Structures are given as C-alpha cells and as structure tokens.
A.B. asks: 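Below: one structure in structure tokens.
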Amino acid sequence: MFDLTGKCALVTGGSRGIGRAIALALAQHGADVVINYARNAEAADRAVEDLRALGVRAEAVRGDVAVPEEAVGAVEAAIRALGRLDILVNNAGMTHDDLVLRLGQDDWDTVLNTNLRGTFFCTKAALRGMIRQRWGRIINVTSVAGLIGNAGQANYSAAKAGIIGFAKAVAKEVAGRNITVNAIAPGFVETEMTAALTEQQREAILRQIPMARTGVPADVAPAAVFLASEEAAYVTAHVLTVDGGLVSY
Ligand code: NAP
C-alpha cells in the first residue's frame, strides 16, 4: 500500500520543518524527490543527504516561490533533474504576524506572494506535464488559520484560505485528466516557524487542542503520502486537517 516507487516529486520548502518531513516520507515510500528552498543552502544539503540515504534520487533547487520566474524555474529544474514530475507539494510558506491595523502593504504582499502566489505559479508550471501524462498529484499545505482565521494573522489566514479556494477550483479543472488537487491543513506543529511563540501563547493554543499536545512534522507527512498515492485516486478537492482535533465542524 502507498508504493510511490518510480514517482517523481517536488516539495517546495522541503529543506526544513513540515516540508522536510513530507520529502522524507515520500522517499521512504520510494519516490525520487527534489526539494526547493529559498535561503538556507546548508539545511537543503543536509535534507538531500538524508533523502539519498534512503536510496532514492534527490536534488535541491534554490528559488524564492514568491518570485514568479523562480517558482516556475524550480518546477522546471525538478523536471530536468528527475525527467518528469508526478507529485507537487506546495509547502513553502512563511508568516509575518501583526494585528490588521498594524499590517503594512509589505507584510501583506510578502505573505500572500509566498504562500498563495507561489502555489499558483508552481501549480501552473507543474500541470502542463501532468496533463500530458494524464497522472498527477498536487498537494497544497494550507493551515487551520485558513479555515477558522487566527487573530494577528489576517494576511496568513487570507493566503491560506485562498489556497483552499484555488485547490478546489483547479481540482475541478483537471479531474478528468487523472490529476487530484488537495490541501492539508496542519494545526500547531513544532517547527522553526512556531518556535518564536511565548509560553503563554503556547499554553493558550494547547487548551484548544483536544489531543492536548502540539503536532510534529512527522504527524503531517503521512497525510501527504496518502494523498500522493494511487490509492487516493478518488480523493480530490479535499482539505485534510491534521490538527489533533483543533478544528471540528
Ligand atoms: P519552516 O520550518 O519555517 O520551513 C519553511 C520552509 O519553507 C523552509 O524549507 C524554507 O526554506 C522554505 N521557504 C520559506 N520561504 C520560501 C520561499 N519564499 N520560497 C521557497 N521556499 C521558502 O515552516 P514549517 O512550519 O515547516 O511550515 C511549512 C508549511 O506548513 C508552510 O506553508 C506553513 O504555512 C504551513 N503550516 C505550518 C504550521 C506550523 O504550525 N508549523 C501550521 C500550519 C501550516 P529556507 O530555510 O531556505 O528559507
């Protein structure tokens, strides 16, 4: 079950945190993986070493997904490195938190451009080949903030909600070509992104999580393996929360 042998994947922001865990999990299930990163080449090199140690082909590609040419360039470099692209994980993301009255245009644009515009350009660049080969998996990492909003994260919540609308629309456009488009919405996951929170903020978040613990990247990765698999062929336009029960309807 969930055999990804022979599949070729690109994980944006795959050098650290959730993206790194997803890249490793895809490789553990047999996929060749290109990871993209923006700034920290050392972390990317370490991730590539860990991926190769699993016996798959692996490369790192630098590129800021907020810049359209670099987003497209990352996808094209992945296709050149692996020969094809079957699985795209749009994971690269960042936050710049403040109350909406204090958010400036730069705070808005940077967060929207990285999370949402990056997802658009990478998806568009990956889709052409997927449509031709009539098989593809696009997995977008959104957030519970995109489902229920988060005070102090109006820009991030808007970007992550936008990713969900985008994924559902694209899913409808390409469903007939054997391409699924889904989203994973993690809750609070221990990574460098969340490391800056105060103990007080952390305790407030913990009180909202029925499982009474924060998540780790390895909690999220299996969801991506499932959505990338042949077995998930009939799952599309779906948002899979991985949040210890934080969001429940
Ligand atoms: P992280 O630990 O900060 O890692 C971010 C990764 O994205 C790094 O590999 C980073 O590479 C890369 N990246 C950042 N900006 C980029 C850009 N403009 N272009 C290309 N790559 C870029 O973050 P994380 O917590 O793992 O988050 C991963 C995803 O999960 C994000 O989309 C985030 O919004 C989402 N998420 C996280 C949580 C959480 O609690 N942690 C919850 C819900 C959703 P460099 O080091 O080279 O910059």
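Whatever order the structure lists ligands and atoms in, that order sets their numbers, starting from 1. Source: prediction; values computed, not measured.
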A.B. asks: Can you tell if the side chain of R20 reaches within under 4.5 Å of the side chain of D50, non-hydrogen atoms only?
C.D. replies: yes
A.B. asks: Evaluating non-hydrogen atoms only, which member of V220, V189, V89 is closest to atom 40 (O) of ligand 1?
C.D. replies: V189
A.B. asks: Can you figure out which of M94, R16, R39 has its heavy atom closest to atom 15 (N) of ligand 1?
C.D. replies: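 The option holding the nearest heavy atom is R39.
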A.B. asks: What atoms in ligand 1 come closer than 4.0 Å to a heavy atom of G63?
C.D. replies: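 Those qualifying, in numeric order: 19 (N), 20 (C).
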A.B. asks: Look at atom 9 (O) of ligand 1 and say which protein heavy atom is nearest, naming residue and atom and giving the distance to 0.1 Å.
C.D. replies: S15 OG, 2.7 Å
A.B. asks: Taking only non-hydrogen atoms of G187, do any sit less than 4.0 angstrom from ligand 1?
C.D. replies: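 Heavy atoms of G187 do come under 4.0 Å of ligand 1.
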A.B. asks: Below 4.0 angstrom from a heavy atom of D64, which ligand 1 atoms are there? Numbered from 1 as shown, please.
C.D. replies: 17 (C), 18 (N), 19 (N)
A.B. asks: Can you pull out the closest protein heavy atom to atom 33 (C) of ligand 1? Residue, atom name and distance to 0.1 Å, please.
C.D. replies: Y156 OH, 3.4 Å
A.B. asks: Say whether T12 and ligand 1 are in contact under the criterion: heavy-atom distance to a ligand atom below 4.0 Å.
C.D. replies: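 So T12 does not count as touching ligand 1.
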A.B. asks: Considering both backbone and side-chain atoms of G19, is one of its nitrogen or oxygen atoms within less than 3.5 Å of a nitrogen or oxygen in ligand 1?
C.D. replies: no
A.B. asks: Could you check atom 44 (C) of ligand 1 against the protein and tell me its nearest heavy-atom contact, residue, atom and distance included?
C.D. replies: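 Here the closest protein heavy atom is T142 O, 3.1 Å.
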A.B. asks: Under 4.0 Å from a heavy atom of E192: give me the atoms of ligand 1 that qualify, with their elements.
C.D. replies: 2 (O)
A.B. asks: Are D86 and K7 within salt-bridge range, i.e. N to O under 4.0 Å?
C.D. replies: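 No, this pair does not count.
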A.B. asks: State which residue, out of T236, I138, V235, fulfils the side-chain contact (heavy atoms from CB on, under 4.5 Å) condition with L227.
C.D. replies: V235
A.B. asks: Should you measure from each heavy atom of N40, which atoms of ligand 1 turn up under 4.0 Å away?
C.D. replies: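 Atoms satisfying the 4.0 Å criterion: 45 (P), 46 (O), 47 (O).
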A.B. asks: Strictly under 4.0 Å, does any heavy atom of G215 approach an atom of ligand 1?
C.D. replies: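 In this structure, G215 fails to qualify as a contact of ligand 1 - no heavy atom is under 4.0 Å.
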A.B. asks: So which heavy atom in the protein is nearest atom 19 (N) of ligand 1, and how far is it from that ligand atom?
C.D. replies: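 The closest one turns out to be V65 N, 3.0 Å.
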A.B. asks: Between ligand 1 and N90, can you find any atom pair, the residue atom being a heavy atom, that is separated by under 4.0 Å?
C.D. replies: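 The answer is no: ligand 1 sits nowhere under 4.0 Å from a heavy atom of N90.
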A.B. asks: If hydrophobic clusters are built by linking Ile, Leu, Val, Met, Phe, Trp and Tyr wherever their side-chain heavy atoms come under 4.5 Å apart, do I184 and F226 end up in the same one?
C.D. replies: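 Same cluster.
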A.B. asks: If you measure from atom 14 (C) of ligand 1 to every heavy atom of A47, G93, A74, S143, which option wins on shortest distance?
C.D. replies: G93
A.B. asks: Identify the residue among I22, V48, L10 that makes a side-chain contact (heavy atoms from CB on, under 4.5 Å) with I35.
C.D. replies: V48
A.B. asks: Just need the protein heavy atom nearest to atom 7 (O) of ligand 1, so name the residue and atom and give the distance.
C.D. replies: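 In this structure, atom 7 (O) of ligand 1 has G13 CA, 3.3 Å as its nearest protein heavy atom.
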A.B. asks: If you measure from CD1 on I179 to CH2 on W135, what distance do you get to the nearest 0.5 Å?
C.D. replies: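 Nearest 0.5 Å value for the CD1-CH2 distance: 10.0 Å.
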A.B. asks: Under 4.0 Å from a heavy atom of N36: give me the atoms of ligand 1 that qualify, with their elements.
C.D. replies: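 It comes down to these atoms of ligand 1: 20 (C), 21 (N).
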A.B. asks: Need the ligand 1 atom indices (1-based, order shown) with element for anything under 4.0 Å from a heavy-atom of F188.
C.D. replies: 40 (O)
A.B. asks: Which ligand 1 atoms does N91 reach within 4.0 Å, using its non-hydrogen atoms?
C.D. replies: 28 (C), 29 (C), 30 (O), 31 (C), 32 (O)
A.B. asks: Can you check whether I18 has an N/O within less than 3.5 Å of an N/O in ligand 1?
C.D. replies: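 Looking only at distances, the answer is yes, because the N/O contact criterion of under 3.5 Å is met.
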A.B. asks: Answer yes when R80 and E59 have at least one side-chain N-carboxylate O distance shorter than 4.0 Å, and no when they do not.
C.D. replies: no
A.B. asks: Return the closest protein heavy atom for atom 25 (O) of ligand 1 as residue, atom name and distance.
C.D. replies: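 Closest protein heavy atom to atom 25 (O) of ligand 1: T191 OG1, 2.5 Å.
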A.B. asks: T194 heavy atoms, cut-off 4.0 Å: which ligand 1 atoms fall inside?
C.D. replies: 39 (C), 40 (O), 41 (N)
A.B. asks: Touching ligand 1 at all, K160? Heavy atoms, strictly under 4.0 Å?
C.D. replies: yes
A.B. asks: Going by atom types only, do T142 and N140 share a side-chain donor-acceptor pair under 3.5 Å?
C.D. replies: no
A.B. asks: When rounded to the nearest 0.5 angstrom, what is the spacing between NZ in K160 and CD1 in I163?
C.D. replies: 4.0 Å
A.B. asks: Would you check the N or O atoms of V144, main chain and side chain alike, for any that come under 3.5 Å of an N or O of ligand 1?
C.D. replies: no
A.B. asks: Group every Ile, Leu, Val, Met, Phe, Trp and Tyr by side-chain heavy-atom contacts under 4.5 Å, then state whether Y156 and I205 land in the same group.
C.D. replies: no
A.B. asks: Do the side chains of H96 and T110 get nearer than 4.5 Å, heavy atoms only?
C.D. replies: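 Side chain of T110 against side chain of H96, heavy atoms only: no contact under 4.5 Å found.
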